[in-house]
Amino acid sequence: LTNKYKKEGFYNAKINIDQKLRDDKKSADLVINVDKGKKVRINEIDLVGNTQLTDAKLRKAMKKTKQKSPLNPYRIFKPSKFIVNEYKNDLNSIIDAYKEKGYRDARILNETVTYNEDKNHVDVKIELEEGIKYFIGDIRFIGNTEFPDQRLRSVLGIQKGDVYNGVLLQKQISDLTNPDAGDIANQYQNAGFLWSQVNLIETATKDDVIDFDVRISEGPVARYNNITVSGNDKTHDYIILRELRTLPGNKWKKAELVESVRRLGSMGIFDASALNPNVKNADAQEGTVDIE
């Protein structure tokens, strides 16, 4: 319980459990007393070892972890609360900020959070090692037969000589956060290649230049077999099915599945966040897949 409250910003929460033995002497009642206290604020974020990116740039990269501002001490719009999970995520955001600027080897050497009980705030210290700035070398595409190199280079949008941007590279290869992304992985998923895989491999590093292979396993084309619905107690199947873009016999297209879910969500009948398309019975030998 104490850890739960700390994760939500109540760093000095106190939990006490009172036990009272019942008359039967075989059981006890428990009373859990919670004093969550006030949420802990961040007094200062001290960054050490950064020369290529300024303190302001790195603090901006930390979206949810903000220190007190002398101009806005209460931070009405972006509170300076200290929440452990958000702080851990923001440490990764610092590294991403370096990767976007070419510093692939940037890392956090040490980080400490010191709690001041009297003032109910924490001071954060983050020690960094930046490394050198890298550039893009040769990029080879291996295993692609459906799309030529020229098409894939256009989708990738990154050329030899560009500053290395690890975040952008991953997004252009496979952006897991955006179902509508125009990345290489989605190019294959929207051309019927359900079992395709796209991986970015560093093959050589010379001085400040990195060479890459984009290795592609296309697999067979998949077609929709059975399209079914479940969980609809009040709405007839045909009303739902007529809204779908995933039709039996058509090639698998991830974009059509996403669009089908959106169309169902916009009908005003269902909880859009609970719509969950289930890919079933995917048979690579037969080249078929069922959607529920």
Side-chain angles (χ1 to χ4, degrees), residues 6-9 11 39-117 119-137 139 156-178 200-212:
K6 282 185 177 181
K7 290 176 181 178
E8 294 178 358
Y11 207 75
K39 285 195 174 183
V40 174
R41 303 288 176 176
I42 301 170
N43 179 53
E44 182 183 12
I45 300 173
D46 183 21
L47 297 158
V48 179
N50 55 307
T51 59
Q52 301 304 316
L53 295 184
T54 64
D55 288 3
K57 174 72 176 177
L58 295 178
R59 290 189 183 121
K60 184 177 180 181
M62 303 175 78
K63 301 298 184 184
K64 299 293 182 67
T65 308
K66 303 292 182 181
Q67 67 179 12
K68 288 182 180 179
S69 168
L71 301 178
N72 181 17
Y74 299 104
R75 277 200 172 273
I76 297 172
F77 300 108
K78 291 185 178 180
S80 57
K81 294 178 294 187
F82 180 75
I83 298 176
V84 174
N85 288 345
E86 292 178 350
Y87 167 65
K88 295 298 183 182
N89 289 334
D90 279 338
L91 291 179
N92 293 329
S93 296
I94 288 177
I95 300 304
D96 284 345
Y98 273 105
K99 287 183 178 179
E100 289 175 343
K101 298 298 182 181
Y103 297 92
R104 181 198 63 173
D105 299 334
R107 63 193 182 104
I108 294 174
L109 296 176
N110 189 40
E111 48 90 14
T112 56
V113 177
T114 305
Y115 176 55
N116 186 319
E117 187 171 2
K119 296 183 178 180
N120 194 41
H121 71 220
V122 296
D123 290 305
V124 177
K125 183 176 181 180
I126 303 171
E127 300 176 48
L128 298 159
E129 182 177 83
E130 296 176 320
I132 67 171
K133 188 173 186 175
Y134 287 94
F135 297 86
I136 300 295
I139 301 175
L156 186 62
I158 296 171
Q159 300 177 356
K160 183 176 182 178
D162 288 352
V163 173
Y164 170 88
N165 184 333
V167 176
L168 179 61
L169 263 172
Q170 187 55 54
K171 283 185 176 180
Q172 295 302 92
I173 293 294
S174 179
D175 187 354
L176 299 178
T177 64
N178 182 7
L200 182 70
I201 307 295
E202 293 185 12
T203 57
T205 303
K206 184 178 181 181
D207 297 327
D208 59 353
V209 177
I210 308 173
D211 295 336
F212 296 93

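Here the structure is a predicted model, which means the values were calculated and not measured.
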Nearest 0.5 Å, what's the CG-CD distance between Asn50 and Gln52?
9.5 Å
Return the minimal non-hydrogen interatomic distance between Ala61 and Ser93, and the atom names on each side.
O-CB, 3.4 Å
Just how far is it from atom CG of Leu47 to atom CG of Asp55, taken to the nearest 0.5 Å?
5.0 Å
Closest contact, heavy atoms only, Val209 versus Tyr134
N-CD2, 4.3 Å
Report the C-alpha distance between Lys133 and Asp208 in whole Å, list the side-chain angles of each, state the deciding distance to 0.1 Å, and finish with yes or no for side chain to side chain contact (heavy atoms under 4.5 Å, CB included).
CA-CA 7 Å; Lys133 188 173 186 175; Asp208 59 353; over 6 Å; no
In sequence, state the C-alpha distance, the side-chain angles, and the governing distance for Leu53 and Lys101, and then conclude on side chain to side chain contact (heavy atoms under 4.5 Å, CB included).
CA-CA 9 Å; Leu53 295 184; Lys101 298 298 182 181; 4.0 Å; yes
Please evaluate residues Met62 and Ile94 with respect to the criterion side chain to side chain contact (heavy atoms under 4.5 Å, CB included), reporting the C-alpha separation (whole Å), side-chain torsions for both, the decisive distance (0.1 Å), and the verdict.
CA-CA 7 Å; Met62 303 175 78; Ile94 288 177; 3.7 Å; yes
Report all side-chain donor-acceptor pairs from residues 109-116 shorter than 3.5 Å, counting only partners two or more places apart or in another chain.
residue : atom : partner : partner atom : Å
Asn110  : ND2  : Glu127  : OE2          : 3.4
Glu111  : OE1  : Tyr87   : OH           : 2.6
Glu111  : OE2  : Lys88   : NZ           : 3.3
Tyr115  : OH   : Asn12   : ND2          : 3.3
Tyr115  : OH   : Asn120  : OD1          : 3.0
Asn116  : OD1  : Asp118  : N            : 3.1
Asn116  : OD1  : Lys119  : N            : 3.0

If I take atom CD1 from residue Ile83 and atom CD from residue Glu8, how far apart are they, to the nearest 0.5 angstrom?
8.0 Å
Do you know the tightest heavy-atom contact between Glu130 and Tyr103?
O-CB, 3.7 Å
Pairwise distance CD1(Ile136) to CD(Gln159) - rounded to 0.5 angstrom
11.0 Å
Below 4.5 Å, heavy atoms only, C-beta onward: do Lys68 and Glu44 meet side chain to side chain?
no
Between Asp46 and Asp123, is the side chain to side chain contact (heavy atoms under 4.5 Å, CB included) condition met? List the steps.
CA-CA 8 Å; Asp46 183 21; Asp123 290 305; over 6 Å; no
So with a 6.0 Å cut-off around NZ of Lys39, is the heavy-atom count from everything else above 12?
yes
Please examine the side chains of Asp90 and Lys63, heavy atoms only from C-beta on, and report whether any two atoms are closer than 4.5 Å.
yes
Excluding sequence neighbours, so at least two apart, what forms side chain to side chain contact (heavy atoms under 4.5 Å, CB included) with Asp207?
none
For residues Gln67 and Val124, determine if any side-chain heavy atom of one lies less than 4.5 Å from a side-chain heavy atom of the other.
no
Measuring from Asp105:CG to Ile132:CD1, what's the distance to the nearest 0.5 Å?
6.5 Å
So do the side chains of Ile158 and Asn165 get within less than 4.5 Å of each other, counting heavy atoms only?
no
Starting at OG1 of Thr65, measure out to CD of Glu86 and round the result to the nearest 0.5 Å.
6.5 Å
In the structure I gave you, are the side-chain heavy atoms of Arg104 and Ile210 within less than 4.5 Å of one another anywhere?
yes
